[in-house]
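In what follows, a structure is listed as structure tokens, so that the remarks can point back to it.
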Amino acid sequence: MLSLYLSMLDSTEANKRLTEIYTENKDWMLRFANSLLEDENQAKDAVHNVFLKVIERLRKLPDKASDITEMFLYVAVKNTCINISKENKRIEYVSADAIANISSDENVEENAVTKDTYAQLLDFINSLPEIYSDILVLHYVCDLPLKEIAKMTGIPLMTVKTRYKRGKEAIIKGFGGIK
Amino acid sequence: MIDRSILKQALAESTLTKIRAIKNSKLPYIETDRAYDERIINLLQGPRMVSHITLRNQIRIGIIAAILACAILIMSISAVDSRRVKDQVNVYKNHIVINMQHNNSSNDEMKIYMPTFVPEGYELKAVFKDEKRTAITWFNGLTKINLSQKVIRNGFVDITTDKPGFEVIEMGELTLYYSDYYNFERSVIWIVDEYVFSIKSDTSVSRSDILKMVETMGEYKQSAPKDNPA
């Protein structure tokens with residue numbers, strides 16, 4: 001499989017980078033995808049699709065395998081699995097396991113702590129629905145523009161903008177702003 | 001006011017904690033093999049990628065795609081057949097499908113239910129709601145419990161039953177679908193009228209505490225829970 005991915009890359013340097021990313025992250029990505037999809041073959045499809053995205057976005061990632069790469073891959077695996085789930089099940093057909101991850105796009109009512117401490121900020125971020133925190137991670141930590149995030153996740157750009165805005169507003173409301 | 005660098009650090013720590021949890025979990029490892037390589041070739045899309053594949057492989061991709069198309073067609077026909085079953089609960093080999101039809105109450109406002117019992121040390125941190133769902137989160141340090149509630153008035157709920165740690169628990173009039181997934185997370189799903197509930201946590205919350213949360217669920221009105229939906 002690795003040779004397949006490598007055949008798509010032009011330079012030796014790019015091959016080396018993808019090799020590092022692939023070998024260091026393949027195992028946990030497959031396990032994570034399988035835990036979401038509960039199907040080994042679909043998990044393999046998901047990870048494969050993520051590596052296609054890695055190739056497309058290779059220049060956006062750091063030179064060496066790093067925490068930022070892992071975060072990028074984590075969000076990419078999750079969104080790819082969500083997209084596969086949507087393709088598998090028609091709109092009226094709801095996977096009960098997915099219900100556990102329900103969060104709303106609208107009428108967000110955050111119960112933010114007001115003290116400006118790192119621990120409370122961490123608590124607050126952990127309590128945000130991941131549809132918001134994932135966008136914030138990709139934007140603030142991985143330095144991806146919203147347009148790139150939309151391409152990478154397969155989420156419409158307007159939805160990405162809305163989630164970014166609401167996630168950011170929740171933090172601003174809870175902590176008085178971002179400087 | 002928080003510094004952008006602090007926000008970046010907190011966002012990174014939150015995500016890396018989730019990744020570490022996956023790496024340290026007992027989730028099963030998945031072997032990749034040559035058959036996998038061949039299977040994924042057909043998934044390659046876009047002219048740039050195809051141009052890197054030899055003519056011989058392009059022919060193989062075409063053959064695999066044709067076989068897959070036939071398989072998908074057969075599976076679709078099977079799926080349509082299975083959906084013709086109109087019983088409320090349909091039990092299949094690997095999953096249970098529950099048919100939910102509650103058209104009479106389509107104009108009712110959604111009620112919100114919350115447990116009176118929450119495991120010690122957990123604090124309510126966030127409530128998210130819209131017209132059809134709510135998501136409530138309690139935190140104890142970095143561990144959290146999520147309670148989700150969704151209205152399904154005309155649809156199906158599909159519950160996978162062949163995963164490790166799955167069991168069906170009868171609690172009064174409720175049927176609970178409980179899962180203790182590879183010592184990675186616990187979840188329980190149950191249905192009351194038009195509402196599908198789910199509680200999900202990592203394994204630091206005990207099975208008995210999760211079931212006690214289900215047992216103490218009641219309608220949430222202002223500050224006090226009332227009327228157990230069971």
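Proteins get letters first, then strands, A, B, ... in listed order; numbering begins at 1 in each.
Applying the ring-ring contact (aromatic ring centres under 6.0 Å, His included) test to every pair with at least one member in residues 7-26 of chain B, sequence neighbours left out, gives no pairs at all.
Only the side chain of B:K144 comes within contact range of chain A, with at least one heavy atom under 4.5 Å from a heavy atom of that chain. Proximity to chain A is limited to the side chain of B:F139, based on heavy atoms less than 4.5 angstrom apart.
Within a 6.0 Å sphere centred on NZ of A:K147, other residues, nucleotides and ligands contribute 12 heavy atoms or fewer. Under a cut-off of 6.0 angstrom, the local environment of CD in B:E167 is crowded, with over 12 non-hydrogen atoms contributed by other residues, nucleotides or ligands.
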Steps toward side-chain contact (heavy atoms from CB on, under 4.5 Å) verdict (B:L7, A:I171):
CA-CA 9 Å; B:L7 173 62; A:I171 290 170; 3.6 Å; yes
I'd like to know whether A:F32 forms a side-chain contact (heavy atoms from CB on, under 4.5 Å) with B:L27, so could you lay out the CA-CA distance, the side-chain angles of the two residues, the decisive distance to 0.1 Å, and finally the verdict.
CA-CA 8 Å; A:F32 181 38; B:L27 289 171; 5.6 Å; no
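Distance check, rounded to the nearest 0.5 Å: CD1 of A:I125 to CD of B:Q9 gives 10.0 Å. We find the NZ-NZ distance between A:K78 and B:K18 to be 5.5 Å, quoted to the nearest 0.5 Å. Here the straight-line distance linking atom CE of A:M71 with atom OG of B:S14 works out to 10.0 Å at 0.5 Å rounding. Separation of atoms CG (B:L16) and CD (A:E70) is listed at 6.5 Å; rounding is to 0.5 Å. Interatomic distance, CD of B:E13 versus CG of A:L121, reported as 10.0 Å (0.5 Å rounding).
The only member of A:D134, A:V141, A:L136, A:V137 that meets side-chain contact (heavy atoms from CB on, under 4.5 Å) when paired with B:T15 is A:V137.
If you tally non-hydrogen atom pairs under 4.5 Å between each of B:L147, B:L11, B:V188 and chain A, the highest count goes to B:L11.
Listed by chain and residue number, A:H139 satisfy the ring-ring contact (aromatic ring centres under 6.0 Å, His included) test with A:Y164 (two or more places apart in sequence, or in another chain).
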